[in-house]
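Shown next, in structure tokens, is the structure this report addresses.
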Amino acid sequence: MKQFKRHLVTSALPYANGPVHIGHLAGVYIPSDIYVRYLRLKGEDVVSVCGSDEHGVPITIKARAEGVTPQDVVDKYHNMIKNAFEGLGIKFDIYSRTTSPTHYKTASDFFRTLYDKGEFTEATSMQYYDTEAGAFLADRYIMGTCPHCNNDRAYGDQCEKCGSTLAATDLINPRSTISGSVPVMRETKHWYLPLDKHEAFLKQWILEGHKEWKANVYGQCKSWLDLGLQPRAVSRDLDWGIPVPVEGAEGKVLYVWFDAPIGYISATKDLTPDWEKYWKSEQTKMVHFIGKDNIVFHCIVFPAMLRAHGGYILPENVPANEFLNLEGDKISTSRNWAVWLHEYLEDFPGKQDVLRYVLCANAPETKDNDFTWKDFQARCNNELVAVLGNFVNRAMVLTHKYYEGAVPAAGELTDYDRDTLSEMPALKKSLEENLEHYRFREALKDAMGLARLGNKYLADTEPWKVVKTDPERVKTILAVSLQITANLAIAIEPFMPFTAAKILKMLACEPFGWERLGEVDLLPAGHVIAQPELLFEKIEDADIEAQLNKLADKKAANAAAAPAAAAEPQKPSISFDDFSRMDIRTATVVAAERVPKTKKLLHLTVDTGIDRREIVSGIAEFYEPEQMVGKQVVVLVNLEPRELKGITSQGMILMAEDASGKLSLVAPADKVSNGSQIK
RNA sequence: GGCGGGAUAGCUCAGCUGGUUAGAGCGCAUGAUUCAUAAUCAUGAGGUCCGGGGUUCAAGUCCCCGUCCCGCUACCA
């Protein structure tokens, strides 16, 4: 096992085009905060960095839509996110931002170093250019019809309806979202990071050297590496971002994924002049906390960048989590389907630890999980209130009742006392083991086990009964109970810092430090504790209903907005001549079979009345080959032939598509002879 | 289609390199108890470990075939 002198923990930079929601928290920030708090409690040298990711096209689009500057957008969300994290007790050593001067210089220098070392390749490509706006169009600035699902509001990089990844040139009828004009292709030069050059190293480093990484992370990396890495562009034509620090690169900025991870470095620089020992010493253990969408950047791209630059260490682990769903549906910022942290903090004041607890207990560590308000309520009421809060309250109330709040001196311990206390060191060990292996759900269970131990101890020793017959014995019982309570204050701190602080306050104690966990003399006899107050309150049905109603409203709003989007706007007028150039005929399918190794393609043979021809059609998800044979269809016969999967498709079968993407054959109402013209 | 992840009690999940009667929390049932926020404690019910083959003295755990869910990726003239 490698020994490290210090730790560098990074948490994925939240993108500053929206607030933070429970999915972000469960996936990244709660785990990282638990991990870091644990290291700090142990007295380790640890630095935890994070910050807002403030460049990139979506921010410029949001700014345009709201009629403000990109800077306004990022200022708003940066502050919102920063405050929300603080509100929940997510404690970074620094929460920086990628618009900071330090970051501009750091990222710029980083790029320049790679450039000077010849680590980039250059290539010119054709890209869409908006002649009205006088600017190249980033993929996100181009909208058009998705070639997969015909959604007419697909972006140049992705269709949000069917989820396909697209290239801008895939879009049918592309238009600029800036001016609405039809963009033209123009040549532009960009720099690329040749990942293929680093492939051999990455394979060795990850596939051989880090077999201990989580299955989802390792598997995803293996998948990428097996497919073979391609050069990735590191610059973009955009006016929002860090300028490419190279002569003749006017109007070009660093691609956001290139600049964002460097944000970890600049944040550390802003934190301490000693930053290099965290980034450049083999004795530093670097861990990236991220969501599964970021695996490729943190395991493949960023390490390749760091290595190309030279002098930097690589991450020791990347414990990426899966995704959290909300009430059975995917969380979505654009669809407003989320529980927003800043709203939670307003709706449930003082209940930070309840959310922290629930999100940790239900964290998507191995697969996607579901957050439901009912589960939230149950965990709070049945676990936090009933087990943890109740035990602490029992111990304290009894102490005040019998001894006016003074910790009694323990007499001789019985075997049972000793057995009970001896469970604590074992619990500590298990807790540490789980935390160090990023198994936070299990670790939380261990911590809660301490409260269960306490409840059981009280139930078994029954001090409220014994006090009538053997008051001396009760002193020991409560002394033991209070020591367990004090231990709880240590064990739960990483998970529930607010509650830990409350317990300490009630015990009238200063923090003990992690190493004292398991000790049975944390509280000296005679020490007077403060008045107890309840650690947790039950969450009422009404509170849960209010949240469910809120979600139902969001759903209704989405449904109301949907039909408007579904009705595609009319296309520009065409002349009759344009129309008559299309030769559309009726035809009958005479043979049909699935194109091997495809999901959507059918290989059809049709009788067009003119001839028999082959057509490949993407309808296999809706029509079985058998049911196609004999069907009369409508075919655009003079469409340029096109090769698909080795078959030349000579025409297009016309289909109707509804808002959900379902395809339906178009056919004449009565059977007509093949080759009849449609006009 | 290719690749990756997942499928274990009603629910949420543990089960590491194969080894006694498959575990935990919640929920449920019964009993005990009253210091405690009707909280707690004990006991119990509840599982063809997705299905089918195979390897092995022994498989939830390894191999092969298949089903379903999530993600990445290719095809939609």
Side-chain angles (χ1 to χ4, degrees), chain A residues 146-150 162-165 170 172 212 214-224 226-227 292-293 295-296 322-323 325 330 361-370 372 374-375 378-379 381-387 389-402 434 437 439 441-442 444-445 448-449 452 454-467 474 477-478 481 532 534-538 594-602 615-621 635-636 639-655 657 663:
Chain A
C146 172
H148 302 281
C149 70
N150 277 339
C162 69
S164 315
T165 306
D170 292 341
I172 300 159
E212 81 284 6
K214 288 175 63 171
N216 57 340
V217 177
Y218 187 90
Q220 190 67 252
C221 290
K222 188 170 181 331
S223 177
W224 273 79
D226 287 350
L227 281 170
K292 69 173 165 187
D293 51 334
I295 290 173
V296 63
E322 301 284 301
F323 284 159
N325 293 326
K330 211 167 284 191
N362 192 27
E365 288 181 2
T366 52
K367 62 168 187 191
D368 290 0
N369 268 351
D370 198 24
T372 66
K374 205 172 137 275
D375 179 64
R379 284 191 187 272
N381 295 355
N382 302 333
E383 296 172 30
L384 291 178
V385 172
V387 178
N390 186 36
F391 167 66
V392 172
N393 191 42
R394 296 170 84 182
M396 300 243 178
V397 166
L398 286 169
T399 303
H400 276 281
K401 196 162 179 174
Y402 299 148
N434 282 325
H437 288 90
R439 296 187 295 248
R441 265 192 322 218
E442 281 297 304
L444 179 55
K445 247 184 213 177
M448 287 296 283
R452 293 180 199 284
N455 274 322
K456 180 170 159 51
Y457 180 75
L458 281 180
D460 289 345
T461 53
E462 300 183 301
W464 50 90
K465 262 190 194 168
V466 176
V467 74
V474 174
I477 295 173
L478 280 178
S481 302
L534 297 179
L535 293 178
F536 301 100
E537 287 168 359
K538 286 205 158 191
R594 197 172 277 267
V595 180
K597 300 193 173 190
T598 66
K599 190 158 67 182
K600 298 186 179 176
L601 300 186
L602 283 189
I615 293 180
V616 178
S617 183
I619 57 174
E621 286 180 306
V635 179
L636 177 60
L639 187 65
E640 232 170 58
R642 163 117 177 214
E643 183 115 340
L644 281 168
K645 285 278 163 188
I647 303 159
T648 305
S649 181
Q650 301 168 294
M652 181 160 104
I653 312 270
L654 301 190
M655 311 285 296
E657 184 188 31
L663 295 177

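Here the structure is a predicted model, which means the values were calculated and not measured. By convention in this document, chain letters (A, B, ...) are assigned in the order of the sequence lines, proteins followed by strands, and residues within each chain are numbered from 1. Hydrogens, waters and symmetry mates play no part in the numbers below; they use all other heavy atoms, side chains included.
A close approach under 4.0 Å does not occur between any side-chain nitrogen or oxygen of A/Asn455 and OP1 or OP2 of B/rA36. The phosphate of B/rA7 (OP1 or OP2) has no side-chain N or O of A/Lys367 nearer than 4.0 angstrom. Distances shown here put every side-chain N or O of A/Lys292 at or beyond 4.0 Å from the OP1 or OP2 atom of B/rC72.
A straight line from CD1 of A/Ile295 to P of B/rU73 spans 13 Å, rounded to a whole angstrom. Following rounding to the nearest Å, A/Asn362 (CG) and B/rA24 (C1') show an atom-to-atom distance of 15 Å. Regarding A/Lys445, its NZ atom lies at a distance of 8 Å from the P atom of B/rG25, rounded to whole Å. When rounded to the nearest whole Å, the span between CG of A/Leu478 and C1' of B/rC35 equals 9 Å. Regarding A/Glu322, its CD atom lies at a distance of 12 Å from the C1' atom of B/rC72, rounded to whole Å. Across the protein-nucleic acid pair, A/Leu458 atom CG and B/rU40 atom C1' stand 9 Å apart, rounded to whole Å. Counting to the nearest Å, the P atom of B/rG25 and the CE atom of A/Met448 are 12 Å from each other. For the pair A/Phe323 CZ and B/rG6 P, the computed distance is 16 Å after rounding to whole Å.
The partner of B/rC26, taking Watson-Crick or G-U wobble pairs whose two distances both stay under 3.5 Å, is B/rG10.
Of the candidates B/rG27, B/rC70, B/rU34, B/rG27 carries the atom nearest the A/Asn382 side chain, counting heavy atoms from C-beta on.
Nearest-nucleotide positions on RNA chain B for A/Glu537 and A/Arg379 put A/Arg379 closer to the 5' end.
Between A/Leu458 and A/Ser481 there is a side-chain heavy-atom pair separated by less than 4.5 Å. In this structure the side chain of A/Arg441 reaches within 4.5 angstrom of the side chain of A/Thr366, judged on heavy atoms.
Atoms CG and NZ, from A/Asn382 and A/Lys538 in turn, are 7.0 Å apart once rounded to the nearest 0.5 Å.
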